[in-house]
Amino acid sequence: MAGLPNAAASPPLNPVVSQLAWMLGTWVSEPAGEGQFPTIPPFRYMEEATITHVGQPMLNFMFCASNAETGKPMHRECGFIRIKPGTNHVAFISAQNTGVVEVEEGEVEGEQLSLTSNSVSRISFAKEPHVTQISRKFRLTPEGKLEQTVFMATASQSLAPHLHVTYRKVTS
């Protein structure tokens with residue numbers, strides 16, 4: 001019976017996702033991220049973003065946010081980032097602890113990824129007002145930090161700034 005592959009050995013990055021290699025690693029927010037929306041008070045949060053691969057033609061991600069003052073867990077999001085082979089067309093597939101599941105699509109240009117939702121679904125008892133659209137941008141800064149900016153729309157509010165966070169890389 002063949003054993004499992006050595007978990008310590010990292011497989012080579014699938015060439016299909018090589019355009020996204022700049023995103024790989026574990027990143028922590030520094031300074032705290034800032035959240036806002038017209039219907040809620042502004043807030044600050046800490047976040048760890050882990051973006052990995054297992055040799056498949058996609059990246060895996062997990063974002064874990066906590067309250068900057070209390071450390072209490074907040075938003076969790078996990079999923080996959082795929083590229084249509086031979087193009088710069090990217091899909092970002094996400095499941096969130098709020099009961100929202102979404103597909104965002106967009107393009108990678110150099111060290112910037114711009115995405116807009118084309119599908120947002122939710123559990124039947126999700127908190128209202130329901131999210132109807134997400135737009136986000138990732139970029140690698142000249143200082144080597146990862147920046148994420150998120151805009152959101154709900155059933156009662158048009159697309160507006162929601163989150164901005166800058167991460168420092170802690171592991172490759």
Side-chain angles (χ1 to χ4, degrees), residues 10 13-14 17 19-37 39-83 90-108 111-123 126-127 130-141 143-154 159-172:
S10 180
L13 182 66
N14 189 296
V17 291
Q19 297 176 76
L20 298 172
W22 54 272
M23 297 180 77
L24 290 169
T26 299
W27 305 80
V28 293
S29 54
E30 189 178 277
E34 296 179 348
Q36 62 179 339
F37 201 66
T39 58
I40 61 172
F43 61 94
R44 296 178 53 228
Y45 65 99
M46 300 304 294
E47 187 165 63
E48 181 174 290
T50 304
I51 304 172
T52 62
H53 76 93
V54 294
Q56 295 177 316
M58 70 194 72
L59 301 183
N60 309 311
F61 69 85
M62 179 172 288
F63 302 135
C64 297
S66 57
N67 183 290
E69 283 75 38
T70 66
K72 180 181 175 185
M74 294 170 62
H75 187 85
R76 297 288 188 268
E77 187 170 356
C78 61
F80 308 94
I81 306 171
R82 300 184 58 124
I83 294 183
V90 177
F92 181 93
I93 305 107
S94 166
Q96 303 172 25
N97 65 338
T98 58
V100 172
V101 177
E102 61 170 311
V103 174
E104 300 173 25
E105 293 190 27
E107 295 184 342
V108 59
E111 294 176 333
Q112 181 168 294
L113 175 59
S114 301
L115 302 154
T116 300
S117 60
N118 66 11
S119 171
V120 177
S121 296
R122 71 195 63 77
I123 58 177
K127 182 178 166 186
H130 295 148
V131 174
T132 58
Q133 183 181 7
I134 297 285
S135 176
R136 82 175 78 212
K137 184 176 288 185
F138 293 94
R139 75 178 190 98
L140 193 64
T141 69
E143 301 78 33
K145 296 190 175 195
L146 183 65
E147 184 177 74
Q148 181 180 193
T149 305
V150 177
F151 285 71
M152 181 174 73
T154 66
L159 197 64
H162 181 45
L163 303 171
H164 181 264
V165 61
T166 301
Y167 307 96
R168 171 182 57 86
K169 187 178 248 187
V170 293
T171 64
S172 296

Handout entry: Trace of the side-chain contact (heavy atoms from CB on, under 4.5 Å) decision for Thr154 with Met152
Key = CA-CA 7 Å; Thr154 66; Met152 181 174 73; 4.2 Å; yes

Practice task
Provide the closest heavy-atom pair for Ala49 versus Tyr167 in the form atom of the first, atom of the second, distance.
Solution key: CB-CE2, 3.8 Å

Handout entry: Inter-residue atom distance Leu146.CG - Ile51.CD1, 0.5 Å rounding
Key = 5.5 Å

Handout entry: Side chain Asn97, main chain Arg76, donor-acceptor under 3.5 Å
Key = yes

Exercise for the section: Take atom NZ of Lys137 as the centre, draw a 6.0 Å sphere, and report whether it contains more than 12 heavy atoms from other residues, nucleotides or ligands. Expected result: no

Practice task
Could you name each residue pair satisfying salt bridge (charged side-chain N to carboxylate O under 4.0 Å, His left out) that touches residues 42-67, not counting sequence neighbours?
Solution key: Arg44-Glu69

Problem - Passing option when Val120 is tested against Gln133, Glu102, His130, Glu104 for side chain to side chain contact (heavy atoms under 4.5 Å, CB included) - result: Glu102

Fill in the blank from the handout: Residue pairs meeting salt bridge (charged side-chain N to carboxylate O under 4.0 Å, His left out), one or both in residues 143-153, sequence neighbours left out, come to Glu30-Lys145, Arg139-Glu147

Exercise for the section: Verify whether one side chain among Gln148 and Arg136 offers a donor that lies under 3.5 Å from an acceptor in the other. Expected result: yes

Problem - Side chain to side chain, Thr166 and Trp27, heavy atoms closer than 4.5 Å - result: no

Practice task
Kindly say whether Lys72 contributes a backbone atom to a donor-acceptor pair with the side chain of Thr70 at under 3.5 angstrom?
Solution key: yes

Handout entry: Separation of Leu163 CG from Thr149 OG1 (nearest 0.5 Å)
Key = 9.0 Å

Problem - Glu34, CD atom: more than 12 neighbouring heavy atoms under 6.0 Å - result: no

Exercise for the section: Heavy atoms only: give me the nearest Leu13-Ala21 pair and the separation to one decimal. Expected result: CD2-CB, 3.8 Å

Practice task
Answer whether the closest heavy-atom distance between the side chains of His75 and Gln96 falls below 4.5 Å.
Solution key: yes

Exercise for the section: Before giving the answer on side-chain contact (heavy atoms from CB on, under 4.5 Å), spell out for Val165 and Tyr45 the whole-Å C-alpha distance, their side-chain angles and the decisive distance to 0.1 Å. Expected result: CA-CA 9 Å; Val165 61; Tyr45 65 99; 3.4 Å; yes

Practice task
Sequence neighbours left out, what passes ring-ring contact (aromatic ring centres under 6.0 Å, His included) with His162? Give chain and number order.
Solution key: Phe37

Practice task
Report the distance from atom CZ of Phe138 to atom CD1 of Ile81, rounding to the nearest 0.5 Å.
Solution key: 6.0 Å

Completion exercise
OG (Ser172) and CG (Leu24) are apart, to the nearest 0.5 Å, by 9.0 Å

Completion exercise
Here the gap from Ser66 atom OG to Met46 atom CE, rounded to the nearest 0.5 Å, amounts to 7.0 Å

Fill in the blank from the handout: In short, Val17 meets Gln56 closest at the heavy-atom pair CG2-O, 4.4 Å

Practice task
Would you please indicate yes or no on a ring centroid separation below 6.0 angstrom for Phe92 and Phe80?
Solution key: no

Practice task
Before giving the answer on side-chain contact (heavy atoms from CB on, under 4.5 Å), spell out for Leu59 and Val54 the whole-Å C-alpha distance, their side-chain angles and the decisive distance to 0.1 Å.
Solution key: CA-CA 8 Å; Leu59 301 183; Val54 294; over 6 Å; no

Problem - side-chain contact (heavy atoms from CB on, under 4.5 Å) between Glu105 and Thr116, worked out - result: CA-CA 6 Å; Glu105 293 190 27; Thr116 300; over 6 Å; no

Handout entry: Glu107 side, atom CD; Ile83 side, atom CD1 - distance, nearest 0.5 Å
Key = 11.0 Å

